[in-house]
Undergrad: 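The structure under discussion is supplied below as structure tokens; questions concerning it will follow.
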Protein chains: 2
Amino acid sequence: MTPQRRAVAAVLRGENVHLSAEVVLSRARQELPELSMATVYNTLNELVAMGEILEIANGSGPKRYDPNVLIAHHHLVCTSCGSLQDVAIPASNPRLNADELHGYLITGTEIVFQGLCPRCR
Amino acid sequence: MTPQRRAVAAVLRGENVHLSAEVVLSRARQELPELSMATVYNTLNELVAMGEILEIANGSGPKRYDPNVLIAHHHLVCTSCGSLQDVAIPASNPRLNADELHGYLITGTEIVFQGLCPRCR
DNA sequence: TTTACTGCAAACCGTTTGCAGTTCC
DNA sequence: GGAACTGCAAACGGTTTGCAGTAAA
């Protein structure tokens, strides 16, 4: 646990936090100005590998990192400004029936609700 | 309609087709060897803008292009090899209730089922 | 002294863009 | 001649990597 990793981890804390590497860097630099981007990426990737944070791959644009791993949830993304909102798993959780599985073994289901956020609509 | 565009469009035809720009190029070059990557991307982006094909943004790795725009569907992706399968919209289509909308106006819902394909499991 | 980690800079991959050279009306 | 399009090569943005230097065990 180096100061760098602590600074990165400290930024990724809380609910409804979805930060890009860039933003993680600038925020963590408030604590540790000499922090480098390489170290941010190294740390983020380790945190993802350890299961401490989630990686949210946005279509184009940078990946976002989400520290909320304890409560399973989906995302609501604004197609205009890119802002993200956590949403609870809906009551009607989608399932595939046998003939739609095409022989796959399902390991996860991810729902992305697209829409316009209050500011953009 | 130039030969280049025709060649690209011809490759993106059928069901369960999810090709990267790279693959589109190499296949279209069998018809038109002098085709360039720039033109492939130009054409793909126009087709997407025209609503003729869908862009599937994979986490890391190249985008995939899907000509199946007529039948609404979701995707089943192999987390090991990246292969993709179209799946029908499940009977229980997820919906958010008012308090989960957070003021967003929903415009679309995308489900990605992750799993292991028959070859990888 | 070995090991792990950092920061820098350069490389990387997928995609986009500037531009000069077609082609077609 | 003007508009639309091509191919090349260079630029781009986000991410990763090689490497020399530093700190910690």
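Hydrogens, waters and symmetry mates play no part in the numbers below; they use all other heavy atoms, side chains included. Residue numbers start from 1 in every chain, and the chains themselves are labelled A, B, ... in the order their sequence lines are given, proteins ahead of strands. Computed from a prediction, not measured in an experiment: that's the story for all the values here.
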Undergrad: Does the distance from a Lys or Arg side-chain N to an Asp or Glu carboxylate O, for A:E46 and A:R5, drop under 4.0 Å?
TA: yes
Undergrad: Ignoring backbone atoms, test whether B:R5 places a side-chain nitrogen or oxygen under 4.0 Å from the OP1 or OP2 oxygen of D:dA4.
TA: no
Undergrad: What's the CG-P distance between B:L19 and C:dG14, to the nearest Å?
TA: 15 Å
Undergrad: So, for B:R29 and B:S36, which heavy atoms are closest and what is the spacing to 0.1 Å?
TA: NH2-CA, 4.2 Å
Undergrad: To the nearest Å, give me how far apart NZ (A:K63) and P (C:dG14) are.
TA: 12 Å
Undergrad: Among D:dT15, D:dG7, D:dT17, which is the nearest nucleotide to the side chain of A:A21?
TA: D:dT15
Undergrad: Regarding B:E22, tell me which of base, sugar-phosphate or nothing describes its non-hydrogen contacts under 4.0 Å with the strands shown.
TA: nothing
Undergrad: Does A:Y65 or B:T2 map to a spot on DNA chain D nearer the 5' end, using the closest nucleotide for each?
TA: B:T2
Undergrad: To the nearest Å, how far apart are A:M37 CE and C:dT6 P?
TA: 15 Å
Undergrad: Starting at atom CD of A:E46, determine the distance to atom P of D:dT16, rounded to an integer number of angstrom.
TA: 12 Å
Undergrad: Respond yes when some side-chain nitrogen or oxygen of B:Y41 is under 4.0 Å from OP1 or OP2 of C:dT16, and no when none is.
TA: no
Undergrad: So, A:T79 versus B:Y104: side-chain donor-acceptor pair below 3.5 Å or not?
TA: no
Undergrad: Is a donor from one side chain sitting under 3.5 angstrom from an acceptor on the other, for A:H74 and A:D86?
TA: no
Undergrad: Quick check for you: to the nearest 0.5 Å, what is the distance between A:R13 atom CZ and A:L19 atom CG?
TA: 13.0 Å
Undergrad: What is the distance, rounded to the nearest whole Å, between atom CG of B:N42 and atom P of D:dG7?
TA: 10 Å
Undergrad: Which nucleotide in the set C:dC8, D:dT15, D:dG7 lies at the smallest distance from any side-chain heavy atom of A:P62?
TA: D:dT15
Undergrad: Provide, to the nearest angstrom, the distance between the CG atom belonging to A:L44 and the P atom belonging to D:dG14.
TA: 15 Å
Undergrad: Does A:T43 or B:R64 map to a spot on DNA chain C nearer the 5' end, using the closest nucleotide for each?
TA: A:T43
Undergrad: Can you tell me the distance, in whole Å, between the CD1 atom of B:I56 and the C1' atom of C:dG14?
TA: 16 Å
Undergrad: Within this structure, what is the CD-to-P distance between B:E34 and D:dC8, rounded to whole angstrom?
TA: 9 Å
Undergrad: What contact category does B:N45 fall into here, base, sugar-phosphate, or nothing, at under 4.0 angstrom with non-hydrogen atoms?
TA: sugar-phosphate
